[in-house]
Amino acid sequence: MHCDTRDGQSFIIEVQLADQPYFMERAIFYSARTISQKGQPGQWDYDVKPVFFLGLLNFDIRHLEPEKSDPERFTHKFSLREDETHEQMSRALRFAFMEVDRFNKTKDECETFEERFLFLMKNLPTFAEKPDLWDDPYFDDFMEQADFASMTWEQQEAYIASMKQKWDYDNSIAFAEQKGLAKGIEQGIEQGKKQGLEQGALEIAQRMLEEKFDLETIARISGLTAEQIKAL
């Protein structure tokens with residue numbers, strides 16, 4: 001999967017199920033090609049926006065340098081650096097490889113975001129139903145997307161249709177609130193010019209009441225007290 005951010009950064013995300021020769025070199029090739037494709041003929045100024053490569057691996061890459069391996073490290077990060085001082089040469093190319101298959105911690109043992117992410121990637125196929133996860137909206141969305149991906153085509157169509165009704169309803173409510181608020185403020189300003197600020201505030205509150213705004217919102221927008229609003 002290739003993703004581009006609004007500011008020009010690129011992310012290449014790959015799931016690799018089996019080890020293969022020159023996998024690292026292939027990651028470099030794809031990332032370097034992405035950089036070269038960013039240049040415009042005759043306009044190349046070498047202001048390179050970073051390219052990040054993330055490999056989610058179902059195999060062990062510790063064989064690269066076994067003597068430096070840490071059994072508790074499951075993510076390996078690489079960048080362009082000076083060999084001795086480790087000074088960074090450029091942020092243009094960054095690589096991260098996550099050994100999903102080797103991760104064996106339980107849900108309760110996961111403390112960092114990285115560990116929780118690896119836990120879900122490793123155990124997602126084994127869940128018979130949605131597990132009791134951590135209090136984090138990211139992982140709630142993660143599971144919702146996973147549920148959708150596991151549906152049949154017919155189930156996905158039915159889900160989208162049901163969600164479309166909800167989205168249409170939410171959009172209608174939001175538009176009505178926005179329209180009512182703008183209209184109420186506009187009318188309140190006009191009345192305020194003619195009858196003074198207090199009368200204008202009353203007009204704003206009256207319009208917002210008609211549009212079914214809650215008491216707290218009306219008080220915040222109009223500047224009136226709860227008692228004044230209730231009197232309307």
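This is a predicted model, so every value here is computed, not measured.
Between Lys105 and Glu115 there is a salt bridge, with a side-chain nitrogen of the basic residue lying less than 4.0 Å from a carboxylate oxygen of the acidic one.
A side-chain donor from one of Lys122 and Asn104 sits under 3.5 Å from a side-chain acceptor of the other.
The distance from the CZ atom of Phe53 to the CD1 atom of Ile12 is 6.5 Å, given to the nearest 0.5 Å. With rounding to the nearest 0.5 angstrom, the CZ atom of Arg116 is 7.5 Å from the SG atom of Cys110. With rounding to the nearest 0.5 Å, the separation of OG in Ser10 from CG in Asp4 is 4.0 Å. Here the CE-CZ distance, from Met89 to Arg91, works out to 14.5 Å after rounding to the nearest 0.5 Å. The distance from the CD1 atom of Ile229 to the CG atom of Leu215 is 5.0 Å, given to the nearest 0.5 Å.
Tyr22 and Leu57 fall into different hydrophobic clusters, where Ile, Leu, Val, Met, Phe, Trp and Tyr residues are linked whenever their side-chain heavy atoms come under 4.5 Å apart, directly or through other members. The hydrophobic clustering, which links ILVMFWY residues whose side-chain heavy atoms are closer than 4.5 Å, places Leu54 and Met1 together.
The aromatic rings of Tyr138 and Phe117 sit tilted relative to each other, their planes meeting at an angle between 30° and 60°. Between Phe23 and Phe59, the two ring planes are perpendicular [angle over 60°; tilted spans 30° to 60°].
Side-chain atoms of Arg94 and Gln9, non-hydrogen and from C-beta on, never get closer than 4.5 Å to each other. For the pair Phe139/Asp136, a side-chain contact is recorded, criterion being any heavy-atom separation below 4.5 Å from C-beta on. A heavy-atom distance below 4.5 Å is found between the side chains of Phe97 and Met24. Side-chain contact between Met121 and Leu118 is absent, with no heavy atoms from C-beta onward closer than 4.5 Å. Phe142 has its side chain within reach of Leu124: a pair of non-hydrogen atoms, C-beta onward, lies under 4.5 Å apart. The shortest distance between side-chain heavy atoms of Glu14 and Leu56 does not fall below 4.5 Å. Between Asn58 and Gln16 the shortest side-chain heavy-atom distance does not fall below 4.5 Å.
Proximity of a side-chain donor or acceptor of Glu99 to a complementary backbone N or O of Arg102 within less than 3.5 Å is not detected. For Glu109 (side chain) and Thr106 (main-chain N/O), a donor-acceptor pair under 3.5 Å exists by modelled atom type. Within the 3.5 Å criterion, the main-chain N or O of Pro137 finds no donor-acceptor partner in the side chain of Asp141. Formation of a donor-acceptor pair under 3.5 Å by the Ser31 side chain with backbone atoms of Ile28 is not found in this model.
Closest approach of His76 to Arg73, counting heavy atoms only: CA-NH2, 3.8 Å.
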Item to check | side chain to side chain donor-acceptor pair (under 3.5 Å) between Thr85 and Glu82, intermediate numbers included | outcome: CA-CA 6 Å; Thr85 66; Glu82 207 278 336; 3.2 Å; yes
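With sequence neighbours left out, the salt bridge (charged side-chain N to carboxylate O under 4.0 Å, His left out) criterion links Lys49 to no other residue.
More than 12 non-hydrogen atoms from other residues, nucleotides or ligands lie less than 6.0 angstrom from CD of Glu25.
Its side chain within the 4.5 Å cluster rule, Phe52 clusters with Phe11 among the Ile, Leu, Val, Met, Phe, Trp and Tyr residues.
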